[in-house]
Amino acid sequence: MDARINYFGNALAGKVMKHLNSAGAAVHGALPVTTQELVKIRASQINGCGFCTDMHTKDALAAGEEQQRLNLVAVWREATVFTDEERAALELTEQGTRIADGSDGVSDEAWANAAKHYDDDQLAALISLIAVINAYNRINVINRQPAGGYQPGMFG
């Protein structure tokens, strides 16, 4: 499978990615790296973005995440390996990502659960992270960016 265009080599795309990368970087430090990677993996799975699923799984492993937990992200509700905080972030991610599925968006219950575990800055970081990874997913899905070739540190 080949990408439709060389998005990563395109000057205009580079400008767009620079801004997306800046937005994504703004949340660094506000949330544990593990939580950030779990959020990115789950949204990418839902959106069918192989490139981002590959990237963030490998980045999580490089950051010390356990393979077993990564194997269970898609079934986090039935897995015993996630903390209550991670579960709240994953639930918010799912509901915030599936807004086009005819749902009413993020439920009050999911929001209240997340708010039990995260302060306002962390909630702002979660909202922003979910929005940014969804944007990345859409770029890669539309472009059919193939998965499998990413190596941690590849983009800086």
Side-chain angles (χ1 to χ4, degrees), residues 1-3 7-8 17 20-21 23-101 103 105-156:
M1 171 187 229
D2 292 323
Y7 196 85
F8 298 120
M17 295 304 278
L20 274 177
N21 291 339
V27 305
H28 289 204
L31 296 166
V33 172
T34 299
T35 301
Q36 291 181 48
E37 294 301 336
L38 294 174
V39 164
K40 292 182 226 179
I41 291 165
R42 188 63 192 124
S44 299
Q45 290 171 334
I46 292 166
N47 289 323
C49 183
F51 184 84
C52 288
T53 301
D54 177 46
M55 171 189 266
H56 296 296
T57 300
K58 289 175 178 174
D59 284 347
L61 283 169
E65 182 57 85
E66 299 172 22
Q67 185 67 57
Q68 179 190 24
R69 285 169 39 94
L70 296 176
N71 292 344
L72 296 172
V73 171
V75 293
W76 63 269
R77 283 179 182 80
E78 292 81 24
T80 59
V81 297
F82 301 105
T83 67
D84 289 343
E85 292 83 3
E86 291 166 340
R87 290 174 178 286
L90 288 165
E91 181 177 32
L92 195 67
T93 300
E94 284 192 3
Q95 290 188 17
T97 298
R98 294 187 185 278
I99 57 175
D101 290 351
S103 72
V106 174
S107 69
D108 290 337
E109 294 81 12
W111 182 258
N113 188 34
K116 282 189 331 193
H117 300 288
Y118 299 103
D119 65 26
D120 283 354
D121 284 348
Q122 292 170 317
L123 289 167
L126 273 170
I127 292 168
S128 302
L129 185 63
I130 293 164
V132 169
I133 192 59
N134 273 276
Y136 282 123
N137 291 164
R138 278 148 182 76
I139 288 168
N140 289 318
V141 168
I142 292 166
N143 194 43
R144 290 193 180 163
Q145 195 65 42
Y150 175 78
Q151 295 301 318
M154 190 169 157
F155 296 116

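Values below: every heavy atom of this structure, side chains too, minus hydrogens, waters and symmetry copies. Computed from a predicted model, the values in this text were never measured in an experiment.
- When each of E91, E86, R69 is checked for a side-chain contact (heavy atoms from CB on, under 4.5 Å) with W76, only E91 meets the rule.
- With respect to N137, the side-chain contact (heavy atoms from CB on, under 4.5 Å) criterion is satisfied by exactly one of N47, T97, I46: N47.
- Atom CZ of R77 has more than 12 heavy atoms from other residues, nucleotides or ligands within 6.0 Å.
- Of the residues listed (L31, T35, V27), the one engaging Q122 in a side-chain contact (heavy atoms from CB on, under 4.5 Å) is L31, and it is the only one.
- Between the side chains of S107 and Q95, at least one donor-acceptor pair of N or O atoms lies under 3.5 Å.
- Open room surrounds CD1 on I99; 12 or fewer heavy atoms of other groups in view lie less than 6.0 Å from it.
- Between atom OG1 of residue T34 and atom CZ of residue F82 there is a gap of 10.5 Å, rounded to the nearest 0.5 Å.
- Atom CG of D120 sits in a sparse spot, with 12 or fewer heavy atoms from other residues, nucleotides or ligands closer than 6.0 Å.
- Counting heavy atoms from C-beta on, the side chains of M17 and L20 come closer than 4.5 Å.
- Without hydrogens or angle criteria, Q145 side chain to I139 main chain gives no donor-acceptor distance under 3.5 Å.
- Checked against the 6.0 Å centroid threshold, F51 and F8 count as a close aromatic pair.
- In this structure, a donor-acceptor pair under 3.5 Å is absent between the side chains of N140 and Y7.
- D54 contributes no side-chain N or O that, together with a main-chain N or O of G50, makes up a donor-acceptor pair within less than 3.5 Å.
- Between Q45 and I41, some side-chain heavy-atom pair lies under the 4.5 Å cut-off.
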